[in-house]
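Here's the structure we're looking at; comments come further down.
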Amino acid sequence: MSRDFHSTELIGRLASTPETKYGQNNGVAITRLKVLVNEQWKDAAGNDQKHVESYMVVSFNGLAEACGNYLSTGSRVFVRGRHRTRSYEKDGAKRYVTELIADTVVFLDTAKDADRSTPAQAETSQITDNDVPF
């Protein structure tokens, strides 16, 4: 039997502060990121067009802790992972959500970018490769 494979890669900016929680049964770190990806192009008439796509990204374990500790609103990231659709019940109705389960998150902001951003992001200028646990 063959194994199928899918992967999604994106570069975008965080729309909000990452949310880190820990599993009740196993204590696994889980961080959710909302990443916005901007598309821009010119239509046939030469008019500028723009579209923003929103992705819910979920990371686990050490990657989740790093994302929760070092990323903030506006941070630029590269994410690679696979889509997963799950269901849950709310107010008696079954709902579905598709998330990108991250196996890679690369922090793309440089120290220069962070200094021009929010105070929380300015702290990332002090981070070296030895500080990031992956």
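Residue indices begin at 1 and follow the sequence shown.
- Closest of all the heavy-atom pairs between A102 and V79 is CB-CG1, 4.0 Å.
- You'll find the side chain of L10 reaches within 4.5 Å of the side chain of L100, heavy atoms only.
- T98 pairs by the side chain to side chain donor-acceptor pair (under 3.5 Å) definition with T85, not counting sequence neighbours.
- Under the 30°/60° scheme for interplanar angles, the aromatic rings of F107 and Y70 are found to be tilted.
- The two residues F78 and L108 come nearest to each other via the heavy atoms N-CD1, 3.7 Å.
- Atom OG1 of T8 sits about 4.5 Å away from atom NE2 of H83, to the nearest 0.5 Å.
- Checked by atom type and distance alone, the side chain of D43 pairs as donor or acceptor with a backbone atom of A45 at under 3.5 Å.
- Partners of E53 under the side chain to side chain donor-acceptor pair (under 3.5 Å) rule, at least two apart in sequence or in another chain, are H51.
- Considering only residues two or more places apart in sequence or on other chains, S59 meets the side chain to side chain donor-acceptor pair (under 3.5 Å) condition with none of them.
- Under the 4.5 Å side-chain heavy-atom criterion for Ile, Leu, Val, Met, Phe, Trp and Tyr, V77 and M56 are members of distinct hydrophobic clusters.
- In this structure a side-chain-to-backbone donor-acceptor pair under 3.5 Å is missing from R76 to D109.
- Taking the salt bridge (Lys or Arg N to Asp or Glu O under 4.0 Å) definition, one finds that E9 meets it with R80, sequence neighbours left out.
- Nearest heavy atoms, S87 versus K94: OG-CE, 3.4 Å.
- Across every non-hydrogen atom of A64 and A29, the tightest pair is CB-O, 3.5 Å.
- Considering only heavy atoms from C-beta on, V105 comes within 4.5 Å of L63 through its side chain.
- Residues passing the side chain to side chain donor-acceptor pair (under 3.5 Å) test with D4: none are found, sequence neighbours excluded.
- The other residues sharing a hydrophobic cluster with V52 are L36, where clustering joins ILVMFWY side chains under 4.5 Å apart.
- Every salt bridge (Lys or Arg N to Asp or Glu O under 4.0 Å) that D48 has, sequence neighbours left out, goes to K42.
- In the hydrophobic clustering, F60 connects to V28, I30, V58, I101, either directly or through intervening members, whenever side-chain heavy atoms lie under 4.5 Å apart.
- A search for side-chain contact (heavy atoms from CB on, under 4.5 Å) contacts involving A44 returns nothing, not counting sequence neighbours.
- Expressed to the nearest 0.5 Å, how far CG of N47 lies from CH2 of W41 amounts to 12.0 Å.
- For N25, the CG atom is loosely surrounded, since the number of other residues' heavy atoms within 6.0 Å does not exceed 12.
- Take T17 and apply the side-chain contact (heavy atoms from CB on, under 4.5 Å) test, not counting sequence neighbours, and it matches T73.
- For the pair V35 and L14, the minimum side-chain heavy-atom distance is below 4.5 Å.
- When hydrophobic side chains of Ile, Leu, Val, Met, Phe, Trp and Tyr are connected at separations under 4.5 Å, V97 ends up clustered with Y88.
- Evaluation of the salt bridge (charged side-chain N to carboxylate O under 4.0 Å, His left out) test over residues 18-40, restricted to residues two or more places apart or in two chains, returns E19-K21, R32-E99.
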